[in-house]
Amino acid sequence: MIEKFYIEMIHKEIDGFISETERKKLHRYLETTSEAKKYYAQLSQTSEFLDKMPRLEASPNIKKYVMNSIDVKRYATSRKFFGNKSILTKPVIKLAFAFSLGILCGIFVYAGILQQISERTANNSDLYGSIGVIDTAKFETVKEIPIVLPELSGTLAVKRLGNNIDIQTILNSQQPTEMLIEYDESFLKLVRFTLANSTKTFFDPGEKNVRISSGGDMQFTLSFTDVHIENDIIAVKLFSDGRLIDAQEISL
Amino acid sequence: MDEKSDARLVQSCLAGNVKAFERLVEKYQTTVYNIAFRMTANFDDAEDIAQAVFIKIYEQLDKYNPKFKFFSWLYRIALNESLNARKQKKHLTELDDDIIWTNSVDKNYSRMETNERVQEALMLISAEQRLLIVLKHFEALSYQEIAFCLDLSEKKVKSRLYDARQMLKNVLVTRGMLQDD
């Protein structure tokens, strides 16, 4: 029968926790007790077997499976805002957080919509200059040309105030009418087209001309500014139902 | 085990860095796999257990208390998973350890590698005893670390480890692996 004290010493030695004094004492005991010596030898051999067991390599499937199985967004949301100590533990706080987040999202969405509306309604990004008012009553009539043709009738009045030139046109016709006004853009600059009646009228400005057409009557004003006042000439061509019916050069 | 490095990886993972968790898996997969294999003696089961352990760890990472060593916490989960898996399997197959292993006890020892025979012997002692041997001999944990993993006092760890080792010695003697004259 081995004393319990020495059994414990044997295990302590196997685990490497025995002191030098205890070790000497143990080995003196082992010399005198064959049963203890056998126990010691068997236990040491057992420990040796265990310590020689190979370490197995883990299958690469483990990592692959794990990384494919976990919810990668689990810690990606709330933690980023609050660090490691999550405050989102109590339901009331969670609810308040969700509510605040909802309000914030609402504000962002509303702001976005407002911005889009304002962009659609007033995109002034490419406009520049100054705003002024010209009193049309102060314009002087330079020329008033009556138009009396079988297909149409009316007047073409040229009015001027400084270097501002208005061409006021009134044409009465039962047929599709078109007026083509050609001008030298190095002398004149078209600045405005103002429709004076409610008839459907098409305004088509080209590089050196402007084309105005309608299904019948036309009342409009074309506004120019002149660059070289002494050489202002425009050519006016009138078409009725697609056919040229008159052409004139008008000195401004 | 680099505790500071583990703590940093855990912190990074909790901040949403999944790569940090991948590093933890890389670092501890061999350990967990070995524990699982020594507890089950089955490669497929060991792989399943290791996967389950890491998934559980990821899911419970926000519950991990950083005042404890990460690897101790991991060991504890790995051991529990190994024991649970074993219990489940035992329940399903309705087979006893002794039946499984005594069937292979014949005169085949000479043909078996020593390591396999030791593993067989390990399976003949109780799972609780096996746990202690795995942690002390295969994972080289201190009594204190084992005490934490198994939620036992150090004194109990020592006494149970001694019993477990003695039990294994007896099995090895019975199976002719240790001289008994």
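Reminder, nothing fancy here: chain letters follow the sequence lines and each chain counts from 1. Heavy atoms only: backbone and side chains are in, while hydrogens, waters and symmetry mates are out.
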> Tell me, side chain or backbone of B:V32 under 4.5 Å from chain A's heavy atoms, or both, or neither?
Replying inline: neither
> Given that the side chain runs from C-beta out, which part of B:F37 has a heavy atom under 4.5 Å from chain A: side chain, backbone, both or neither?
Replying inline: side chain
> How would you list, by chain and number, every residue that makes a side-chain hydrogen bond (donor to acceptor under 3.5 Å, both in side chains) with A:E13, sequence neighbours excluded?
Replying inline: A:H27, A:Y40
>> For B:N17 and A:Y75, which I'm curious about, is there any donor-acceptor pair between the side chains at under 3.5 Å?
In response: no
> Taking the six-membered ring for Trp, are the ring centroids of B:Y143 and A:F17 within less than 6.0 Å of each other?
Replying inline: yes
> Below 4.5 Å, heavy atoms only, C-beta onward: do B:R165 and A:D15 meet side chain to side chain?
Replying inline: yes
> By a 4.5 Å heavy-atom criterion (distance strictly below it), what part of B:I133 contacts chain A: side chain, backbone, both, or neither?
Replying inline: side chain
>> Are B:V118 and A:T46 packed together at the side-chain level, in the sense that at least one heavy-atom pair is separated by less than 4.5 angstrom?
In response: no
> Checking B:N34 against chain A: side chain, backbone, both or neither under 4.5 Å from a heavy atom?
Replying inline: side chain
>> Need one label for B:K136: side chain, backbone, both or neither, based on atoms under 4.5 Å from any heavy atom in chain A.
In response: side chain
> Which bit of A:M53 comes within less than 4.5 Å of chain B, counting heavy atoms only: side chain, backbone, both or neither?
Replying inline: both
>> Only pairs of heavy atoms separated by less than 4.5 Å count here; which of A:K52, A:Q45, A:K63 has the most with chain B?
In response: A:K63
>> Determine whether B:E59 and A:R74 satisfy the following criterion, salt bridge (Lys or Arg N to Asp or Glu O under 4.0 Å), listing intermediate values before the conclusion.
In response: CA-CA 8 Å; B:E59 286 170 352; A:R74 188 180 180 94; 5.1 Å; no
> Please walk me through it: do A:K64 and B:E22 pass salt bridge (Lys or Arg N to Asp or Glu O under 4.0 Å)?
Replying inline: CA-CA 9 Å; A:K64 199 174 166 186; B:E22 201 172 341; over 6 Å; no
>> Counting only non-hydrogen atoms closer than 4.5 Å, does B:V18 touch chain A with its backbone (N, CA, C, O), its side chain (CB onward), both, or neither?
In response: both
> Got a second to check how far B:I55's CD1 is from A:D71's CG, nearest 0.5 Å?
Replying inline: 11.5 Å
> Just checking, any donor-acceptor pair under 3.5 angstrom between side chains of B:Q166 and A:Y39?
Replying inline: yes
>> When you compare the side chain of A:F49 with that of B:L172, does any pair of heavy atoms fall below 4.5 Å?
In response: yes
> Taking side chain as C-beta onward, heavy atoms only, is B:H137 less than 4.5 Å from A:S47?
Replying inline: yes
> Please walk me through it: do B:Y58 and A:V66 pass side chain to side chain contact (heavy atoms under 4.5 Å, CB included)?
Replying inline: CA-CA 9 Å; B:Y58 183 76; A:V66 169; over 6 Å; no
> Just by modelled atom types, is the B:Q179 backbone N or O under 3.5 Å from a matching donor or acceptor in the A:Q42 side chain?
Replying inline: yes
>> Does B:F138 form a side chain to side chain contact (heavy atoms under 4.5 Å, CB included) with A:D51? I'd like the steps, not just the answer.
In response: CA-CA 7 Å; B:F138 299 134; A:D51 295 340; over 6 Å; no
> Could you name the residues of residues 5-12 of chain A that have a heavy atom within less than 4.5 Å of a heavy atom in chain B?
Replying inline: A:I7, A:E8, A:H11, A:K12
